[in-house]
**Q** 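Okay, here's the structure, questions in a sec.
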Amino acid sequence: MSLLANLNPEQLAAVTLPNQSALILAGAGSGKTRVLTTRIAWLIQTGNVSPAGVLAVTFTNKAAKEMLTRISAMLPISTRGMWVGTFHGLCNRLLRAHFRDAGLPQLFQILDSADQLSLVKRVLKGMNVDEDRFPPKQVQHYINANKEEGRRASEAEAYDEFSRRYAEIYAAYDEQCQREGVVDFAELLLRSFELLSKNEILREHYRARFHHILVDEFQDTNRLQYRWLKLLTGPGSVIFAVGDDAQSIYAFRGANVGNMADFERDFHVENVIRLEQNYRSHGNILDAANALISNNRKRLGKNLWTAAGHGEPLRIYEAQTDGYEAHWLAEEVEALNRDGLARREIGVLYRSNAQSRILEHALFSAGIPYRVYGGLRFFERMEVKHALAYLRLIASSEDDSAFLRVVNFPARGIGARSLEALQEAARAGNTSLYNAVPQLGGKAGNALGAFVAMIATLRKEAEGLALPEIVEHMLAKSGLLAHFQAEKDGADRLENLQELVNAAALFVQEQEEPVAQQELTAFLAHAALEAGEHQAGEGSDALQLMTVHSAKGLEFQAVFVTGLEEGLFPHEQSRNEDDGLEEERRLMYVAITRARSRLYLSFAQNRMLHGQTRYNVASRFLDEIPAGLVKWLTPRLGSQPLPQPVLASARDAAIPKALPRATQMGWRIGQNVVHAKFGQGVIVDTEGQGPDARLQINFGRQGMKWLALEYAKLSAA
DNA sequence: TGAGGGATGGGACCA
DNA sequence: CCATCCCTCA
């Protein structure tokens, strides 16, 4: 059977497993997606299941699309009827189909996290809550964390005045969502979980339907997602879970690796298959990754190997400053480029977004095209959000969030006072802001009345119009176009608004069957669930810049991992978290395994961060890579400051101004020292004079210490 | 209403 | 250093 050709024995075993739940531990680059999609195709081709009996779930839209593309390529059937999508996408589908049973309006809207935050702020104001004691961002996190544990406000911990207040806010927030007919991301999951758990008929229906449930990136599932999967699995269904505990890097957003162990137990998994043959990287790179990750105590255990050769050693570069690091990187990229390696085949990775600035500066000066991943995406842009708010209001009068967003944008002279009166009227009449407008008199009533009349007209005129025309019409009549035309830097925004019309047209075109009057709502859901790629320039040959997190799942011929310094990578904050350092190490593991044949690891002795120069020691992760696998591009002086590299233009380099000043009894900032107990460190700051003098020293993994000069036994390194 | 000053704080991500 | 928020003032 051609489907199974070229699979290795473990992959073959995984693809053709009998009908039992199974866990596939798939190492980086081991053909995880291939196994998952081939499994689906094989199940269908052998008549084990019909397409309608398959549910496959992922985390990102990109992964879901990739999955569908691959399945279509393998099977000559339509993928319609198959449920393939993200957790949120599938929950949305479920809730749309059973909105009544779920207690939702038919046209419920989806809030993205920015929408959610502004709703939280509004609720806090309405309750007269002190925003210093209850910061909106924290409240938002509290609500989401509870929902992701499956807890409603009534079940939230309330053991003192403070936590009771939190629970009250949570309750008020949920009530407001219900009133407005809006649903946040976590709510999509929780609501559909509750729907299935309370409604036996529905639950049994779906359990009988989905015989095969397949889960991608299983290590990233949170508790609620796990329970959701469990609920959906009937006696005649099995789960095929694919994941890699070593690539679990999302604990901070609720991912629970423990789900892998729970899964083995709860589903009596007899088959744990390890995919350890790596088809991506050379041996030295894999050996480095294996050695690094072996420092983690919590592991399910796996060793990547390759049939390819050892390849080159890993290259380590030590720079004096972040500026020199960036400059070196640019030159190296140019050299690789001259040797025939395309720029798009080179990935530049960093731990935090703030690092991209100096890299961009150096690349820009060198004239190297690059593309930065991350940042604002299309549907999150301010002008697009405004346009979407008008569309939401056209779709539903209950949507107070949308109302408040655009009631005075473009400016119509409706200020805070008018809105306060309106909110009071709405509360009294127990109705939405939109519907409360007729109760208001006076000047405020007139301005608001005109706004409501405009929306009503738009709604009426929208009947019978195609979606793109509705959008176009709204842009003109709302005054959005005029507003940005008048703005001096509004050209980009106008372009984005035009792009929104195109997006609507494309959306209509991609619909398999027309959904007529619900098309607008479907489009709005699409906008919330799929915020869209943020930039053009996909096709051009540009260097790829991104955080290590967003590099997960990608691969490059050559990879630069920059900023390998204690405090940055591993990140300072990870010290205070359970399992923090291990997660950082897994992140480093992800970074290393992105490279096919060449891997650069670089760090800087001092770096500008938050406006001041910081003196760091090399990341412990560098020490965890066996010396035999690496080649130092800079002399391995270890502790000595490097000689100043000669640069064509000095302005490209951030040379620390603090360096020449602040010397203290023979010690100076930036100097490397050795302490009897703490080992090697760097002097970061000094304080006091004479016998009281103290030095602040960064001892890397031993932490930052203030030491009294008189007592500390320091020697120059 | 909006421009501008001053304080503040700063990890990573997707839906 | 930088972006963001809040407040003040014209």
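Just so we're on the same page: letters track the sequence lines, and every chain starts at 1. Just so you know, these numbers use all the heavy atoms, side chains as well, and skip hydrogens, waters and symmetry mates.
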**Q** The side chain of A:Arg253 is closest to which nucleotide in this list: B:dC14, C:dC1, B:dT1?
**A**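 For A:Arg253, the side-chain atoms sit closest to B:dC14.
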**Q** How long is the line joining CD of A:Glu572 and P of B:dA12, in whole Å?
**A**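 About 14 Å, once rounded to whole Å.
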**Q** Could you state the CD-C1' distance from A:Gln612 to B:dG10, rounded to the nearest angstrom?
**A**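 That distance rounds to 12 Å.
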**Q** B:dC14, OP1 or OP2 - any side-chain N/O from A:Arg377 closer than 4.0 Å?
**A**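 So the side chain of A:Arg377 is outside the cut-off, no N or O lying under 4.0 Å from OP1 or OP2 of B:dC14.
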**Q** Provide, to the nearest angstrom, the distance between the NE2 atom belonging to A:His88 and the P atom belonging to B:dC13.
**A**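 Computing the A:His88:NE2 to B:dC13:P distance gives 17 Å.
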**Q** Name the nucleic acid region contacted by A:Glu380, choosing base, sugar-phosphate or nothing; use a 4.0 angstrom heavy-atom cut-off, strictly under.
**A**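 The residue A:Glu380 makes no contact with any strand.
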**Q** Please check the phosphate of B:dA12 (OP1 and OP2 only) for any side-chain N or O of A:Asn353 closer than 4.0 Å.
**A**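 Yes, because at least one side-chain N or O of A:Asn353 sits under 4.0 Å from OP1 or OP2 of B:dA12.
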**Q** Looking at B:dA12, B:dC13, B:dA15, which one has an atom nearest to any side-chain atom of A:Thr60?
**A**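 In terms of side-chain proximity for A:Thr60, the closest of B:dA12, B:dC13, B:dA15 is B:dA15.
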**Q** If each of A:Ile249 and A:Gly89 is mapped to the nucleotide of DNA chain B with the nearest heavy atom, which maps nearer the 5' terminus, i.e. the 5' end?
**A**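 The 5'-side residue here is A:Ile249.
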**Q** Taking OP1 and OP2 of B:dC14, is either one under 4.0 Å from a side-chain nitrogen or oxygen of A:Asn61?
**A**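 Answer no for this pair, as no side-chain N or O of A:Asn61 is under 4.0 Å from OP1 or OP2.
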**Q** What integer distance in Å separates A:Tyr250:OH from B:dA12:P?
**A**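 One finds 12 Å between P of B:dA12 and OH of A:Tyr250, rounded.
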**Q** Which part of the nucleic acid, if any, lies within contact of A:Asn408, taking any heavy atom under 4.0 Å across all strands shown: a base, the sugar-phosphate backbone alone, or nothing?
**A**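 Since only primed, P, OP1 and OP2 atoms lie under 4.0 Å of A:Asn408, the category is sugar-phosphate.
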**Q** Are A:Arg351 and A:Glu584 close enough for a salt bridge, meaning some N to O gap below 4.0 Å?
**A**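 Between A:Glu584 and A:Arg351 there is a salt bridge, with a charged N closer than 4.0 Å to a carboxylate O.
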**Q** Does a side-chain N or O of A:Arg357 approach OP1 or OP2 of C:dA3 to a distance below 4.0 Å, or not?
**A**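 Yes.
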**Q** Any side-chain N or O of A:Thr547 under 4.0 Å from OP1/OP2 of B:dC13?
**A**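 For B:dC13, OP1/OP2 do have a side-chain N/O of A:Thr547 under 4.0 Å.
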**Q** Contact class for A:Ile414 vs. all strands (heavy atom < 4.0 Å): base, sugar-phosphate, or nothing?
**A**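 Sugar-phosphate contact only.
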**Q** Look at all strands and tell whether A:Phe185 reaches a base, only sugar-phosphate, or nothing, counting heavy atoms closer than 4.0 Å.
**A**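 Since a base atom lies under 4.0 Å of A:Phe185, the category is base.
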**Q** What integer distance in Å separates A:Asn144:CG from B:dC13:C1'?
**A**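 Roughly 13 Å, once rounded to whole Å.
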**Q** Testing the basics here: between A:Gly375 and A:Glu380, what is the closest heavy-atom pair and its distance to 0.1 Å?
**A**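 Scanning both residues, the minimum pair turns out to be O-OE1, 4.4 Å.
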**Q** Counting just side-chain N and O atoms, does A:Asn222 come under 4.0 Å of either OP1 or OP2 of B:dA15?
**A**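 So the side-chain polar atoms of A:Asn222 never come under 4.0 Å of the phosphate oxygens OP1 or OP2 of B:dA15.
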**Q** Measure from the side chain of A:Ser352, starting at C-beta and using heavy atoms only, and say which of B:dC13, C:dC1, B:dA12 lies closest.
**A**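 Selected nucleotide: B:dA12.
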**Q** Looking only at heavy atoms, what is the nearest atom pair of A:Phe185 and A:Ala528, with distance?
**A**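 That closest heavy-atom pairing would be CZ-O, 3.4 Å.
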**Q** Establish, yes or no, whether the cationic atom of A:Arg96 lies under 6.0 Å from the six-membered ring centre of A:Phe108 and within 45° of the ring axis.
**A**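 Verdict for A:Phe108: a cation-pi partner in A:Arg96.
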**Q** Tell me: CE of A:Met382 to C1' of C:dT4, nearest whole Å?
**A**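 It works out to 14 Å between those atoms.
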**Q** Considering every strand shown, what is the Watson-Crick or G-U wobble mate of B:dA12 when both distances are under 3.5 Å?
**A**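 With both distances under 3.5 Å required, B:dA12 matches none.
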**Q** Between A:Phe252 and B:dA12, do the rings stack, that is, sit under 5.5 Å apart with planes less than 30° off each other?
**A**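 Per 5.5 Å and 30° rule: yes, stacked.
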**Q** So does A:Glu66 pair up with A:Arg70, basic N to acidic O under 4.0 Å?
**A**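 Looking at A:Arg70 together with A:Glu66, the answer is yes, because their closest N to O distance falls below 4.0 Å.
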**Q** Rounding to an integer number of Å, can you tell me how far A:Asn576 CG sits from B:dG10 P?
**A**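 Rounding to the nearest Å, CG of A:Asn576 and P of B:dG10 are 14 Å apart.
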**Q** What integer distance in Å separates A:Leu224:CG from B:dA15:P?
**A**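 That distance rounds to 18 Å.
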**Q** Can you tell whether the side chains of A:Asp399 and A:Arg405 come within less than 4.0 Å, N to carboxylate O?
**A**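 No, this pair does not count.
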